Structure formats: structure tokens, C-alpha cells
Amino acid sequence: MKTFSVKAFGNTKATNLLAPLSINRRETGPTDVEMEILYCGVCHSDIHQARGEWPGTNYPCVPGHEIVGRVTKIGSKVSKFKVGDTSAVGCMVDSCRTCSHCQAGLEQYCINYATFTYNSPDKHLGGHTFGGYSTHVVVDEAFVLKVPSTLDLAATAPLLCAGITTYSPLKKWKVKAGQKVGIVGLGGLGHMGVKFARAFGAHVVLFTTSAKKVADGLRLGAHEVVLSTDKDAMAKHLSSFDFILDCVSAQHDINLYLSLLKLDATLTLVGAPENPLSVSAFSLIMPRRNFAGSGIGGIAETQEMLNFCAEKGIVSDIELIPIQQINEAWGRMLKQDIKYRFVIDMASLKNG
Ligand code: NAP
Ligand code: ZN
Ligand code: ZN
């Protein structure tokens, strides 16, 4: 198969910083779309994966799965896109498309394993897939999203992971007006969770460990912001929530939040810390409570979320950086110093 070489940023082992490297992309096949990447959001999963905090990282690792770009070439059978269109790619670039989960629009849970945008076996070139910290990507059109024309492109990039990962569980657990909904952690996912829960009409309570984020939490749409280190403030919310979405990237006491659920209410984990969380049986038993998880969202639901954002005027609050500042940005994310998603301006890689 013919390939072409593109500039990228990645690391060659877990303990290395990210640095420039070159990777190969396949030439556009009949159903493929080639995109020049304009913007790529920076997800905490990029850090977990590249630093080997999750099992099975292949090196070199080129992260990035919040991709917005412009179509530069299309295959002969492509019908959804034309050259020059704005387009987007999230966490997946393919799946088996035939299993019951794929048929139900839940490609992320493909029984035969979805091909994730980075670190999945590459069906075309062998080796593993490389993500959006690069100048170009080639993806089958079935996994490419359309970006509504009213959305700011850089601020749209984070919707492709942080957006869909929070939108999908709020829909699945039917969050609606009149409900009390908690969002835990004000990072990339958390700030989108606050915006969506608010847009769905819920009474939104943000839990943060960072006193300096209280004002921003309210500005982003929370009705109340609670410092989770304040025991008295936490106690006021015992057994009162209809739904809680946990967006925390590191070790924390999940029982603290389970105890805030009403009878039969659900806490859904989207944060994916490196180490197991310890759940006390009685946090779930008394009164009967549910503890669940959720992974990104399917392709159709991702398009639905993008359209919803265009309708409601929702985008991410971002800090735009050149790729040369990526290691510094990761350092800041690890210190919870984030407002509220870094997005890489990929012109810095093209011209750098
Ligand atoms: P992020 O921007 O770095 O935000 C994480 C937030 O978690 C921080 O801003 C902080 O919020 C809170 N936090 C961090 N360390 C903490 C600690 N030790 N104790 C308590 N709170 C802490 O990360 P992100 O990109 O939103 O990702 C969050 C997690 O979701 C990551 O684990 C990521 O891998 C995972 N993820 C999962 C999916 C999925 O499909 N399920 C998709 C994308 C990402 P405060 O300062 O407000 O406390
Ligand atoms: Zn992500
Ligand atoms: Zn499948």
C-alpha cells in the first residue's frame, strides 16, 4: 500500500517527553477522506496512554483524538465530503461495523474491538494507529464527522472526546429539567459535563478540589460549586442527587460521591485513573444505588452532539497552544491547572 510521510509529535518510551517525529499515512483509498489537521485537543487520556499508565502502549506513541481539519483529498466512492469541507475525527477511526453493538450505533463497544485513533492495530498499514498530534490523517468517511459551520473550529476540537464522553451518559441516564446532577472534577471533561447538564435543564452542582476554580464553575453553568475537601459542605448534599458524572483523572475517594446519590440513582464514571478505585459495599447497599461506567459515544451520537452544540451555541473553553508547548501543557494538566482544554494549533507543526 502506498503511503506518504507527515510531521507528528510523539514519544518513543513512557518516560520520554514528546518530540517531533515523522509517521506514515496511507494514500487515500476509495472510501477514505484525507484531512489536513487544523486543531487537535489535548485529552488526559493522551497522557495516560503515552506515559504507559494504561496497559499496552505501543511506541512510538502519537496521541490526539480531538481532531478538526479540512478535507484535502477524497476517494472515488466518498459521498459525504468534498475537498475543502471542514471535518472532524474523534476517538475511533473504524470498527467491525457488523456486530450487534456496531449495528446499534455503539461502535465504541464493538465486540471485535473498535480501531481507536491511536494505539490500535492499524488494519491498513500494520503496526498501530497514530493520532492527531500530526499534520494529516486519513480516515474512512464512515468515521469522519461533519462540523456545523457556525462553530468556532478550535473550540470545537474538544467536543470530539470531552464533549461526546459527557453528552452520551447524560443522555443515556436521561438527565432532564428538575433533576439534581453532580459533575465531579473541572477539567476538560468536567467543564463540558457542566455545560451539557445545564443545557439539559438540570440543577447542576460542580465538585472540585481546586478553590481557584469556584468562580469559573459558576460562569460555565453550575448552579452551585462545592469544594470536595469541605466536609460540612459535602454533608449538606447527602443522598440528594439523581445522577453524578465522575470526570476525575486520578485517585480519589469514590465513596464520598456515592453517598450523595438518592435511592436508585446512578454515579457514572468516565474518568479513567491508572489504579483501581476502592468501593465500599455500603456505599452501594444503603440506600440501593448504582455505580456505572461509560465510554465516549458512537458515531451517530457524536454527530448528534455536534449538531446540538451548534443549535445551543456550546463549545469548549480553550487555551490555544503551539505544539512546541505540549510538554508544558501536560505538566499543567497534571497540576490541575487547566482552563479548561488545551488545543494545539497545528499550523505550528506544519510551519515549525
Ligand atoms: P483533565 O482535564 O486533566 O481534568 C481532570 C480533573 O480531575 C482535574 O482538572 C481535577 O479537577 C480533577 N483531579 C485531578 N487530579 C485529582 C485528584 N488527585 N483528586 C481529585 N480530583 C482530581 O482530564 P480530562 O481530559 O477531563 O480527563 C479526565 C479523565 O477522563 C481521564 O482519566 C481521562 O483518561 C478520562 N477519559 C475517559 C473517557 C471515556 O470514554 N470514559 C474519555 C476521555 C477521557 P478539579 O481541579 O476540579 O478537582
Ligand atoms: Zn479523550
Ligand atoms: Zn463491531
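Keep in mind it's a predicted model, so treat the numbers as computed, not measured. Just follow the structure's listing: the first ligand is 1, and inside any ligand the first atom is 1. One-based numbering along the sequence shown.
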Considering all heavy atoms of both residues, which atom of G163 and which atom of F196 are nearest to each other, and what is their separation?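 Closest approach of G163 to F196, heavy atoms only: O-CE1, 3.3 Å.
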Please identify each residue that fulfils side-chain contact (heavy atoms from CB on, under 4.5 Å) with S283, with sequence neighbours left out.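 Scan of S283 (side-chain contact (heavy atoms from CB on, under 4.5 Å), adjacent residues dropped) gives N255, L258, S280.
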Between [Y] and [X], does any NZ, NE, NH1 or NH2 come within less than 4.0 Å of an OD or OE carboxylate oxygen?
| X | Y | result |
| --- | --- | --- |
| K195 | D317 | yes |
| R25 | E34 | no |
| D242 | K180 | no |
| K73 | E27 | yes |

Which is it for K123 and D140 under the salt bridge (Lys or Arg N to Asp or Glu O under 4.0 Å) test, yes or no, and what are the steps along the way? CA-CA 12 Å; K123 288 182 195 167; D140 190 291; over 6 Å; no
Please answer whether the main-chain N or O of M92 pairs with a side-chain N or O of Q108 as donor and acceptor at a distance below 3.5 Å. no
Which residue, W173, Y257, F207, forms the ring pair (Phe, Tyr, Trp, His ring centres under 6.0 Å) with F241? F207
Verdict with supporting geometry, I254 and F291, side chain to side chain contact (heavy atoms under 4.5 Å, CB included): CA-CA 10 Å; I254 196 78; F291 184 31; 3.9 Å; yes
Side chains of E311 and N307: is there a donor and an acceptor less than 3.5 Å apart? no
Could you please give the number of protein N/O/S atoms within less than 2.8 Å of the Zn ion (ligand 3)?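 Every protein N, O or S atom under 2.8 Å from the Zn ion (ligand 3) counted, the figure is 4.
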Would you compute the distance between atom OG1 of T165 and atom CG of L189 and round it to the nearest 0.5 angstrom? 5.0 Å
Derivation and outcome, side chain to side chain contact (heavy atoms under 4.5 Å, CB included), residues M192 and I314: CA-CA 9 Å; M192 291 312 306; I314 293 174; 3.8 Å; yes
Inside 2.8 Å of the Zn ion (ligand 2) but strictly below it, how many protein N/O/S atoms are present?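 The number of such protein atoms is 3.
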Contact residues of ligand 1 with a heavy-atom cut-off of under 4.0 Å?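 Residues C43, H44, S45, H48, W54, C161, T165, G185, L186, G187, G188, L189, T208, T209, S210, K213, C247, V248, S249, A250, Q251, V270, G271, A272, S294, G295, I296, Q336, I338, R341 each place a heavy atom under 4.0 Å from ligand 1, listed by chain and number.
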